[in-house]
Each structure stands twice: as C-alpha cells, then as structure tokens.
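All ligand and atom numbering here is 1-based and tracks the order in the structure.
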Amino acid sequence: MRLARSIPELDRHRSDLRAGAVGARTAFVPTMGALHAGHLSLVSLARRLADVVVLSIFVNPLQFGPTEDYADYPRPLADDLAKAEAAGVDIVFTPSVKEIYPPGRQISVNAGAIGSILEGASRPGHFDGVLTVVLKLLNIVAPDMAVFGRKDAQQLACIRRMVLDFDLDVDIVGAPIIREPDGLAMSSRNRFLSAAERTSALVLNASLRAAELEATPAEALAAAEKVLTKAVTAGEIVLDYVKVVNATTMAPVLEDHPGTALALVAARVGTTRLIDNTELIFASD
Ligand code: PAF
C-alpha cells in the first residue's frame, strides 16, 4: 500500500500504478478515518468494482459546526493505515488541512434546498462543507467511481445531486449499511457511547424495524414514532427527527405510495448524535 500525504505524492503514485495497468479503473473511498467494518465494506465493494482503490482520510473542518466535535473527532491514523492495508487499499491519501484549504480560498459549494433540510436543518452548513470537500477530492483523485455508505442517506442524495448539477464524470456507488450484531448501525461516533447509552441507541434501529412492517408511509412513520416516543419519555434519547422520505429528493412521502422510500431517524444519545435509516417497500393495491 502506498501513502500519499500531499497532492503531488498522490499524483506520482497514481501515475506509477497507471503505468503498469493501462485502462485500469479507479474506485475512490473518501473517509474521515476512524475506520470500522462499515468503511471496510466500502473498500471491499470498491475492490470488487475496480482495479485500483484509493482511500482518503481527511477530517474535514468545513463540515463541522462551531459547537460540534471537530477537535475531538477520533484520528487513530496508525490503526487506520493497518486496516486499510489489510483491506487491500492501493493508495491512502492523508492530506493536511492546508493542502485541501490553502490560504486565500474563497469559494464553496452551496448544497441547495436538499442540503438545508433534515441533517442540514440541525447542522447548518454541514452539507456545504461535505460537498465542497467531496468535489475537491473527486477533482484531485479523478476516479472512475466513488463509493459512499447508505447510512448517510442525505449525504449520498446531496452528492448524487451535485454530480448531476455539475456534470461530474464519476459514478456514485451507494453501499449497504453495516450493523453490529445487535442492529446498531456502525459509526465512528459509536465509540463515544457509554455502555448504557449504547443500549439506549438500539431504539433507533428498533424504530426502523417497526416501520418496515407497515403497509403505508403514514403507518410506517406512526410505528417508528411510537417506538421512539417511549425512549424519549424515559429520557434515553433526545429525538431530532423521524421521517419517511423519497431517497432521491429527501422530500417527505406521506400519501399512499407504491414503490420505495426511506425511513430516516436522527437522535442524540447522551452527547452523541446518531443517524440511521432503512429502505421501505410499499406495494400498490
Ligand atoms: O462520510 C464521511 O465520512 C464524510 O462526510 C466524507 C464523505 C468523507 C466527506 O468528508
């Protein structure tokens, strides 16, 4: 595995690898590090789809609000590099903040309406920061495809929208959510949960499983709300939102709706904010 700490170093590694394999396809897995089995599943999907796998580790300051955990975000670099190598990554790109955001930088991506609802309403500017860094990383790495987890469903929808709106020549691949054996969706933030909070956090997945059993979007939403309300009343979580939405637009789906939708939930457990989602399939009558 090759390590690139700067853009010129990345370019060198990329042309070395390209020289040995004409026509090789590159898959890119952007991450903020603290790699867990969820990230490694993105790498193994990338490995299956392409010849060269590039993984970036960059904790992007632009996507954190002023009261969020940028400084405390875990940065276990040595551990991440060992995991990336074992997973078969070809190049790890670990740029500095100065490399990505040189002094004098002025222009950012505006994530539009799709980026200002749900997560964007709770975390103003978050998706502007995500899209700005993703656009820059896509330009720097120039992959054929980029792989993102479906756990961050709104992030994936915003990225797909940006790719359309900016005519980016890259395939966006959404990879399935990876869960712990008890159903908790894997997240770098799970490590902040105490044992009791981790147990409380299971209600997010439980609410989605309840939604999956229902026949209409309204019933699915009511079922999820019922499960979550108990945990809110018991003081175990602070609910931010639970919604049933269109996976492409993130707009609420409330009427009878044959086809698929997403149930989304976001809640604070202790001081840790968690999100989760599941696909819902509704039959026509
Ligand atoms: O999903 C993440 O880890 C980040 O939002 C991403 C896509 C790497 C951009 O910083």
Side-chain angles (χ1 to χ4, degrees), residues 4 7 10 27-43 45-46 53-65 68-77 79-80 83-84 87 89 91-101 105 108-111 114-115 118-120 122-141 143 145-163 166 168 170-178 185-192 250 264 266 272-277:
I7 297 170
L10 176 72
F28 176 42
V29 181
T31 80
M32 297 205 301
L35 302 182
H36 51 66
H39 296 111
L40 302 179
S41 76
L42 306 184
V43 172
L45 182 56
V53 176
V54 180
L55 176 130
S56 64
I57 297 176
F58 179 67
V59 184
N60 173 32
L62 233 56
Q63 69 190 74
F64 289 78
E68 292 183 354
D69 54 352
Y70 173 67
D72 296 333
Y73 199 84
R75 291 165 171 83
L77 184 61
D79 192 45
D80 283 349
K83 286 178 177 162
V89 169
I91 305 176
V92 178
F93 179 44
T94 59
S96 65
V97 172
K98 233 165 126 192
E99 178 97 15
I100 296 294
Y101 300 123
R105 188 192 76 84
S108 294
V109 177
N110 178 328
I114 193 173
L118 303 165
E119 286 303 285
S122 299
R123 307 181 65 188
H126 171 67
F127 288 116
D128 296 354
V130 169
L131 294 186
T132 300
V133 82
V134 169
L135 180 60
K136 287 178 66 83
L137 291 169
L138 289 174
N139 284 333
I140 293 165
V141 177
M145 67 194 82
V147 185
F148 296 87
R150 286 195 216 130
K151 182 165 108 29
D152 295 304
Q154 189 177 5
Q155 168 171 284
L156 184 57
C158 288
I159 290 167
R160 288 193 194 283
R161 187 71 253 171
M162 175 175 75
V163 165
F166 288 179
L168 302 182
V170 63
D171 290 335
I172 301 299
V173 180
I177 298 175
I178 304 296
M186 290 202 183
S187 162
S188 303
R189 292 195 165 99
N190 290 350
R191 66 183 72 195
F192 296 137
M250 294 284 121
L264 306 178
T272 308
R273 192 164 184 285
L274 298 176
I275 59 172
D276 201 351
N277 71 81

Original post:
For atom 4 (C) of ligand 1, which of His126, Lys151, Lys136, Gln63 has the closest heavy atom?
Top reply: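 Among His126, Lys151, Lys136, Gln63, the closest heavy atom to atom 4 (C) of ligand 1 comes from Gln63.
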Original post:
Which atoms of ligand 1 are found less than 4.0 Å from any heavy atom of Val133?
Top reply: 9 (C), 10 (O)
Original post:
Heavy-atom distance under 4.5 Å between the side chains of Ser122 and Arg273, does that happen here?
Top reply: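 Answer yes - side chains close enough.
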Original post:
Side-chain contact, heavy-atom cut-off 4.5 Å: Pro74 with Phe192?
Top reply: yes
**OP:** Check step by step if side chain to side chain donor-acceptor pair (under 3.5 Å) holds for Asn60 and Tyr101.
**Re:** CA-CA 10 Å; Asn60 173 32; Tyr101 300 123; 2.5 Å; yes
Subject >> Output field: ring centroids Phe64/Tyr73 closer than 6.0 Å >> reply: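 Yes, they do, as the ring centres are separated by less than 6.0 Å.
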Subject >> Gln155 N/O under 3.5 Å from ligand 1 N/O >> reply: yes
